[in-house]
Amino acid sequence: DAKTTQPTSMDCAEGRAANLPCNHSTISGNEYVYWYRQIHSQGPQYIIHGLKNNETNEMASLIITEDRKSSTLILPHATLRDTAVYYCIVRVANQGAQKLVFGQGTRLTINP
Amino acid sequence: DVKVTQSSRYLVKRTGEKVFLECVQDMDHENMFWYRQDPGLGLRLIYFSYDVKMKEKGDIPEGYSVSREKKERFSLILESASTNQTSMYLCASSSPTIYEQYFGPGTRLTVT
């Protein structure tokens, strides 16, 4: 799986959009970009994934650059409950049982 | 709403005790996983199962065993608990036809 690089920490004001970047310059053509988050003392939570097109769901939007070497997770109206560690993962689409490998992630703090 | 439940949120056991951690999912998923999460080490896969009665070792299976007698239930067994097994244990499930893993809330196990 390709390696990802994320900032260690970020701050965002409540109600504003939180934009979390991820670099994955060695991504392969068949690898997807996944985002998970982990709120303190809870299990990780899937947020969104994409291959090359931008994706949006009820939680977030995912913007992937045309060369696929980086992406941005957007939380459009951040709330205090969005304070968590956010993980960007690059991996081949599910082929049977595959483990998830989390890096250090970005610790996002939403401030009132 | 998809759900993965774990039998306990917090557990305290003594060295040498046999410990059972239970995980149940209600999504009819074929794949189930047990991870442990430690500060600075991220998620590490202990065991996974891709079908009833099937199991595969992950990266750190030593000191653990698993059981999957029914599709919805995956148990992690610590045959003789040791202090270095103090950790957060996370169960997850997934289907071969979807991309994401769904996690339970975690069990924080302390072995004294």
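- When every heavy atom of E100(B) is checked against every heavy atom of Y36(A), the shortest pair comes out as CA-OH, 3.5 Å.
- Note on Y46(A): it clusters hydrophobically with Y32(A), by side-chain heavy-atom contacts below 4.5 Å among ILVMFWY residues.
- Environment of CD in E17(B): crowded, with over 12 heavy atoms of neighbouring residues, nucleotides or ligands closer than 6.0 Å.
- The closest side-chain heavy-atom distance from Q38(A) to L43(B) is not below 4.5 Å.
- Nearest heavy atoms, P44(A) versus L90(B): CD-CD1, 3.8 Å.
- Note on I74(A) and I110(A): separate hydrophobic clusters, where clusters join Ile, Leu, Val, Met, Phe, Trp and Tyr whose side-chain heavy atoms are under 4.5 Å apart, directly or indirectly.
- By the neighbour-count criterion of 12 heavy atoms within 6.0 Å, atom CZ of R44(B) is densely surrounded, having more than that number from other residues, nucleotides or ligands.
- The part of R9(B) that comes within reach of chain A is its side chain, from C-beta onward, which places non-hydrogen atoms under 4.5 angstrom from that chain.
- Neither the backbone nor the side chain of E30(B) comes within less than 4.5 Å of any heavy atom in chain A.
- Placement of V85(A) and Y35(B) within a single hydrophobic cluster is found when ILVMFWY residues are connected by side-chain heavy-atom separations under 4.5 Å, directly or transitively.
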